[in-house]
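The structure under discussion appears below in the form of structure tokens.
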2 protein chains.
Amino acid sequence: MTTIPGGVCAPQGFLASGVHCGIRHNKDKLDLALIMSEVQCSAAAVYTQNKVQGAPIGVTKNNIAGGKAHGILCNSGNANTCNPNGTQVAKECCALAAKATGLAPQDFIVASTGVIGQPLALAPFVSGIPKAAAALTKTGSNAAATAIITTDTVVKETAVEFTLGGKTCRMGAIGKGSGMIHPNMATMLIFITTDVAISPALLQKALAEITVTTYNQISVDGDTSTNDMVAVLANGLAGNANVQEDSAEYQTFYQALHSICLYMSRAIAADGEGATKLLECKVTGAPTDEIARAVAKNIISSSLFKAAMFGADANWGRALCAIGYTPGNFSIDTVSVTLQSSGGSVMVCKNAAYNPYSEQEAAAVLAKKTIEILVDMGTGSGSGEAWGCDLTYDYVKINGDYRT
Amino acid sequence: MTTIPGGVCAPQGFLASGVHCGIRHNKDKLDLALIMSEVQCSAAAVYTQNKVQGAPIGVTKNNIAGGKAHGILCNSGNANTCNPNGTQVAKECCALAAKATGLAPQDFIVASTGVIGQPLALAPFVSGIPKAAAALTKTGSNAAATAIITTDTVVKETAVEFTLGGKTCRMGAIGKGSGMIHPNMATMLIFITTDVAISPALLQKALAEITVTTYNQISVDGDTSTNDMVAVLANGLAGNANVQEDSAEYQTFYQALHSICLYMSRAIAADGEGATKLLECKVTGAPTDEIARAVAKNIISSSLFKAAMFGADANWGRALCAIGYTPGNFSIDTVSVTLQSSGGSVMVCKNAAYNPYSEQEAAAVLAKKTIEILVDMGTGSGSGEAWGCDLTYDYVKINGDYRT
């Protein structure tokens with residue numbers, strides 16, 4: 001498997017565009033993205049489990065209930081959530097997309113991201129959707145990726161190439177997410193395209209499984225968004241024989257999808273609102289994988305630990321504290337914690353107690369941009385990872401005045 | 001019931017002191033507190049449910065297993081948690097206190113607060129405990145309250161007077177807590193004294209019940225500490241007949257204890273690390289009290305909502321988001337949200353959607369120091385409250401560099 005350029009347009013038969021339609025006042029900010037396949041696709045998606053859900057989520061669930069879709073439409077600047085007419089607006093957008101492309105409204109996955117509870121007018125879409133359809137191009141992935149970001153500081157886009165049954169296949173993705181990130185499939189959106197031939201059911205199975213160990217293991221601020229969605233379109237144009245469950249081809253496909261999801265999870269955590277560091281917590285020796293994941297997620301979610309990482313302070317007691325309030329039946333007596341980066345590796349805690357170390361060496365580890373927190377629980381073979389970021393002045397700045 | 005001065009020394013027969021013993025390098029900072037009753041007391045306590053627990057917690061549990069205690073010893077500057085010799089140090093402290101006062105080691109409740117995982121020497125206690133015992137005085141509550149604070153910006157102390165069976169009774173408390181506050185009975189410590197005559201079992205019952213609706217409903221940063229403890233000593237010197245369960249006297253006592261715990265909960269939330277505002281969330285119309293409390297606690301715990309409050313931004317969508325990720329079986333369709341303070345009252349959300357309001361009026365509400373968030377879920381008669389604070393630059397500053 002190799003990384004290739006092209007994002008969501010890397011697989012055969014996919015076009016994309018990003019335009020300014022007027023939801024955002026700044027005319028230089030793209031705010032509407034369209035991704036289209038030449039042919040109908042197997043479709044799978046996972047959504048936020050927040051009880052408050054963006055109107056586009058309900059519309060998308062209905063549209064792809066049969067496991068098929070043709071394209072993805074997404075605006076930024078307004079989450080279309082907690083709007084009395086939200087469902088109507090989302091449906092009208094699908095109708096406009098259908099008209100502009102000669103398809104049916106149900107052929108579309110629709111998504112929105114931005115402020116919750118702000119009225120959303122249809123007018124920008126009436127002119128914007130035909131504009132986006134006219135702009136569709138094989139080089140449009142970056143524009144689409146740019147159109148869906150909000151407080152993100154970098155565009156998130158990746159693609160890989162791999163072989164299934166002798167056929168070259170590709171998979172690409174764009175994504176956004178920076179605040180309100182604590183997915184429990186958030187204002188996290190990931191759109192993945194592939195030219196692999198695979199059934200909707202098997203596509204959904206792979207996506208649902210991978211979500212547990214990737215997106216559901218990242219946190220920026222502990223707030224599970226109302227609009228999270230990860231959607232995959234597989235159009236089959238690579239010409240491979242339909243991927244079957246429990247086959248070597250499924251394993252290859254699964255690895256490709258996992259690598260895309262892992263890339264996006266790390267990219268979102270690293271670009272968390274105000275973040276200066278990516279935190280990667282790797283837990284081993286746990287009684288179960290579930291406990292390992294829960295421990296890893298609690299450490300990277302702890303405001304106190306996150307602030308310490310911002311300050312490059314090896315305050316490992318805060319990691320122990322976060323381990324200790326993780327639900328589940330486990331002992332903390334055998335826990336060790338090592339901080340590691342390209343600046344070195346320092347074991348700061350052994351058997352749940354201070355392990356003598358040089359504060360200077362620890363500071364050198366924590367001066368880097370990517371910090372690994374390695375936790376060995378010393379009691380079993382369960383393992384899990386989670387990704388987060390530091391808590392900074394800029395997080396407060398961004399969120400103390402987001403709407404203005 | 002009237003508020004009176006004197007803190008933990010307000011009830012008859014209690015003395016207190018606060019001294020500098022040398023755990024903290026700053027000689028102007030008191031770091032050791034002692035509270036003593038002239039006679040043996042009924043004792044009750046609730047503790048953190050974190051799996052990582054400070055050594056003093058285990059020692060205290062053993063000491064007061066019989067429901068009796070004579071005094072409370074507490075140091076700040078070191079949490080005595082995740083120290084290999086922590087239990088030994090805590091026991092030695094009790095022995096030193098016993099020697100200095102002519103009592104037994106098991107007569108003492110012992111507590112520590114400060115950094116986790118730092119070696120703690122016995123030396124400061126060897127000289128400090130006799131010094132604290134010699135300094136015991138009827139006017140020592142404020143010194144004791146000063147000796148237990150860490151990042152707190154104000155000393156937390158209160159007392160009330162009430163009548164039971166014709167006898168004037170008093171109850172006083174000191175407390176600390178500013179960060180690592182998300183108690184699930186935290187680095188929250190509350191010591192309460194009273195001269196009421198009441199059995200240890202009934203005292204424990206009242207404290208455990210009240211903890212659910214007061215301390216367990218506050219959050220500064222979502223981190224449940226390793227050292228939280230609330231302890232009550234009742235010495236019976238008021239001369240009332242022993243309080244019986246289900247009596248009018250119990251109700252009066254319960255109200256007094258509740259008012260003390262509520263005062264301390266609000267004081268800790270208002271003095272959260274870096275806080276500029278106290279947030280009080282009151283939820284009504286919920287299916288159950290449990291759901292109401294969970295909703296209230298999620299709103300005041302949301303980093304995004306807390307940052308919006310710091311920015312005086314009526315971003316109610318973040319409150320809806322936090323309601324939506326609260327576990328439990330409830331509908332969000334009938335939810336309304338009102339923001340209220342001495343600056344006015346503005347309904348910002350009705351039926352889970354935007355309720356037209358003046359941003360100027362909302363900004364006037366949010367400019368005040370105490371903000372009420374009133375949530376009516378519109379589906380039942382359950383109610384609950386929670387207390388928190390805004391998320392500010394200073395929280396990041398304090399916690400990015402706490403150990404230096």
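Residue numbers begin at 1 in each chain, while the letters A, B, ... track the order of the sequences. Every heavy atom of this structure was used, including side-chain atoms; hydrogens, water molecules and symmetry mates were not.
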Checklist entry - What heavy-atom pair brings Y395(B) and L391(A) nearest, and what distance separates the two atoms? => result CE2-CD2, 3.8 Å
Next on the checklist: Given heavy-atom pairs under 4.5 angstrom as the criterion, report whether the side chain, backbone, both or neither of T81(B) touches chain A.
Outcome noted: neither
Checklist entry - Of the backbone (N, CA, C, O) and the side chain (C-beta and beyond), which part of T326(A) lies under 4.5 Å from a heavy atom of chain B, both, or neither? => result backbone
Item to check | Toward chain A, the part of F310(B) with a non-hydrogen atom under 4.5 Å | outcome: side chain
Checklist outcome for this item: So, the part of P356(B) with a heavy atom under 4.5 Å from chain A: the answer is neither
Checklist entry - Quick check: are there more than 12 heavy atoms from other residues, nucleotides or ligands sitting under 6.0 Å from NZ of K277(A)? => result yes
Item to check | Residue, of A307(A), G311(A), C349(A), that accumulates the most heavy atom pairs under 4.5 Å with chain B | outcome: A307(A)
Checklist entry - So do Q53(A) and I332(B) actually touch side chain to side chain, heavy atoms under 4.5 Å? => result no
Item to check | Heavy-atom check, side chain of L304(A) versus side chain of E273(B), under 4.5 Å | outcome: yes
Checklist entry - What are the two closest heavy atoms between G400(A) and D313(B), and how far apart are they? => result O-CB, 4.1 Å
Next on the checklist: Side chains of Y354(A) and I116(B), heavy atoms from C-beta outward: is any pair under 4.5 Å?
Outcome noted: no
Checklist entry - In this structure, are over 12 heavy atoms from other groups packed under 6.0 Å from K61(A) atom NZ? => result yes
Next on the checklist: Quick check for you: to the nearest 0.5 Å, what is the distance between N351(A) atom CG and C82(B) atom SG?
Outcome noted: 11.0 Å
